[in-house]
Undergrad: 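Quick one: the structure is below, questions incoming.
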Amino acid sequence: MGFYLKDCLCYNITMPNFKQKLLIYFATISVSALLISNLAAIKLWDFFGIAVDGGVILFPITYILGDLIVEFYGKKIAKSIILAGFFVNITAMIVFYIVIALPAYDGWTMQDAYASVLGFTPRIIMGSLIAYVFSNLCNNVIFTKLKRSKGIFASSFIARALGSSAFAHVIDSFLFETIAFIGVLPFTEFLTQACFAYILGIGFEVIFSPVEAIIAKQLRGKMTDEI
């Protein structure tokens with residue numbers, strides 16, 4: 001972890017002021033989105049009989065931000081942010097478990113509710129974090145390879161963003177759903193949920209791809225350094 005932070009710090013020395021500030025926002029929002037998604041994933045909501053975790057509402061933004069970070073800052077910095085998100089969420093999980101274990105103040109009646117909400121089911125939190133790390137690292141590698149290829153992927157940011165996400169979401173859905181829910185849900189229900197999570201995740205990215213393209217276009221003129 002220290003090695004990647006060192007790379008980021010060294011890179012920032014020659015990075016334009018705007019680019020440095022934007023990186024702070026990208027990193028903060030990316031890490032926060034993962035933490036919020038994990039909190040939201042505790043709830044399973046009913047989508048016409050399909051059990052869907054609440055994390056799918058926000059989690060796709062981590063891919064959108066990841067694509068923008070790789071595009072303008074490179075794979076090393078993107079990897080550092082992914083690892084930072086992982087360690088922040090591990091820290092949050094440990095702190096919540098410690099707080100739950102502390103004796104409740106006499107008269108405070110919310111201990112059970114607090115433990116139910118913030119006492120993450122270990123399988124869900126570990127599934128989420130493992131899926132996040134592997135799928136986002138995969139997304140970065142594929143995105144970079146597509147950028148260096150020929151044809152539409154080399155010339156179109158959105159093409160390589162959606163192309164890399166299409167593969168990365170498979171890894172994310174497979175790892176998360178398997179670790180979190182295999183054996184808990186009937187197999188057919190588990191398979192339906194995994195497929196729906198993939199479709200919903202990539203669907204959000206497709207819907208917001210025009211906005212992502214506009215952001216990338218607007219930023220390109222202000223990013224003076226080549227990656």
Side-chain angles (χ1 to χ4, degrees), residues 1 5 24-66 80-136 169 171-205 207-208:
M1 181 66 177
L5 289 177
I24 293 173
Y25 282 107
F26 276 164
T28 303
I29 296 172
S30 181
V31 172
S32 300
L34 177 61
L35 179 59
I36 295 169
S37 296
N38 283 334
L39 289 170
I42 298 168
K43 177 177 179 177
L44 294 179
W45 54 284
D46 188 341
F47 184 81
F48 298 102
I50 301 174
V52 185
D53 71 271
V56 299
I57 301 299
L58 184 62
F59 186 71
I61 197 175
T62 62
Y63 287 98
I64 294 173
L65 290 172
S80 295
I81 293 174
I82 292 171
L83 294 176
F86 175 81
F87 287 116
V88 165
N89 278 263
I90 288 292
T91 301
M93 181 178 67
I94 293 172
V95 169
F96 288 144
Y97 275 130
I98 292 174
V99 172
I100 289 170
L102 293 173
Y105 179 75
D106 216 12
W108 191 68
T109 60
M110 298 178 64
Q111 174 67 18
D112 291 340
Y114 186 90
S116 296
V117 174
L118 295 179
F120 298 108
T121 302
R123 287 183 60 171
I124 291 179
I125 190 67
M126 292 312 299
S128 175
L129 292 179
I130 291 172
Y132 166 76
V133 171
F134 281 96
S135 64
N136 275 271
H169 272 292
I171 296 174
D172 176 70
S173 297
F174 173 77
L175 288 177
F176 174 70
E177 299 295 337
T178 299
I179 295 172
F181 297 115
I182 192 73
V184 176
L185 300 174
F187 183 75
T188 53
E189 188 174 340
F190 157 78
L191 194 59
T192 301
Q193 179 174 314
C195 292
F196 182 77
Y198 174 81
I199 294 171
L200 192 62
I202 197 68
F204 274 135
E205 288 200 56
I207 291 171
F208 288 107

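In this text the structure is predicted, and so the values were computed from the model without any measurement. In this chain, residues are counted from 1 in sequence order. Only heavy atoms go into these numbers, but all of them, side chains included; no hydrogens, no water, no symmetry mates.
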Undergrad: Can you tell me how far apart OG1 (T28) and CZ (F26) are? Round to the nearest 0.5 Å.
TA: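 Reported to 0.5 Å precision, the distance equals 11.5 Å.
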Undergrad: For atom CZ of F134, decide whether the heavy atoms of other residues, nucleotides or ligands shown that lie under 6.0 angstrom number more than 12.
TA: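 Counting other residues, nucleotides and ligands, CZ of F134 stays at 12 neighbours or fewer.
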Undergrad: Show, in sequence, the C-alpha distance, side-chain angles and deciding distance for F176 and F59, and conclude whether the side-chain contact (heavy atoms from CB on, under 4.5 Å) test is met.
TA: CA-CA 12 Å; F176 174 70; F59 186 71; over 6 Å; no
Undergrad: Rounded to the nearest 0.5 Å, how far apart are CG of N136 and CG of L65?
TA: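 Here the interatomic distance stands at 10.0 Å.
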Undergrad: Of all the heavy-atom pairs spanning A33 and I61, show the shortest one and how long it is.
TA: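 Nearest pair, atom of A33 first, then I61: CB-CG2, 3.4 Å.
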Undergrad: Suppose we screen for side chain to side chain donor-acceptor pair (under 3.5 Å). Which residues come up paired with T62, at least two apart in sequence or across chains?
TA: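 Counting only residues at least two positions away or on another chain, T62 forms no side chain to side chain donor-acceptor pair (under 3.5 Å).
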Undergrad: Measure the spacing between CG of L118 and CE of M93 and express it to the nearest 0.5 Å.
TA: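 The CE atom of M93 is 13.0 Å from CG of L118, to the nearest 0.5 Å.
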Undergrad: Would a 4.5 Å heavy-atom cut-off, applied to side chains only, mark Y114 and W108 as touching?
TA: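 Yes. Closest side-chain heavy atoms under 4.5 Å.
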Undergrad: What pair of heavy atoms forms the shortest contact from L34 to G85, and how long is it?
TA: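 Nearest heavy atoms, L34 then G85: CD2-O, 3.6 Å.
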Undergrad: So for atom CG, which belongs to D46, do other residues, nucleotides or ligands contribute more than 12 heavy atoms lying within a distance under 6.0 Å?
TA: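 Count over threshold, so yes.
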Undergrad: Working to the nearest 0.5 angstrom, can you tell me the gap between I207 CD1 and E205 CD?
TA: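 Spacing of CD1 (I207) from CD (E205) equals 11.0 Å.
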Undergrad: Return yes when atom CZ of F208 has more than 12 non-hydrogen atoms of other residues, nucleotides or ligands closer than 6.0 Å, and no otherwise.
TA: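 No, not enclosed.
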Undergrad: On a heavy-atom basis, which atom in V133 and which in F86 lie closest, and how many Å separate them?
TA: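 In this case the closest contact between V133 and F86 is CG2-CD1, 3.6 Å.
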Undergrad: Do Q111 side-chain atoms and Y105 backbone N/O form a donor-acceptor pair below 3.5 Å?
TA: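 No, Q111 side chain to Y105 backbone: no donor-acceptor pair under 3.5 Å.
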Undergrad: Are L200 and F47 side-chain neighbours, meaning at least one heavy-atom pair lies under 4.5 Å?
TA: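 No; the side chains remain at least 4.5 Å from each other.
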Undergrad: Yes or no on side-chain contact (heavy atoms from CB on, under 4.5 Å) for I199 and H169, after CA distance, side-chain angles and deciding distance?
TA: CA-CA 9 Å; I199 294 171; H169 272 292; over 6 Å; no
Undergrad: Y63: which residues meet the side chain to side chain donor-acceptor pair (under 3.5 Å) condition with it, sequence neighbours left out?
TA: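 Applying side chain to side chain donor-acceptor pair (under 3.5 Å) to Y63 gives S135.
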Undergrad: How long is the span from the CG atom in L129 to the CG atom in N89, to the nearest 0.5 Å?
TA: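 Between L129 CG and N89 CG, I get 5.0 Å after rounding to 0.5 Å.
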Undergrad: Please assess L39 against F96 for the test side-chain contact (heavy atoms from CB on, under 4.5 Å), listing each intermediate value before the final yes or no.
TA: CA-CA 11 Å; L39 289 170; F96 288 144; 4.2 Å; yes
Undergrad: Once rounded to the nearest 0.5 Å, what's the spacing between atom OG1 of T178 and atom CD1 of I130?
TA: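 One gets 11.0 Å once the value is rounded to the nearest 0.5 Å.
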Undergrad: For the residue pair A197 and S173, what are the closest heavy atoms and their distance?
TA: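 Taking A197 first and S173 second, the nearest heavy atoms are C-OG, 4.0 Å.
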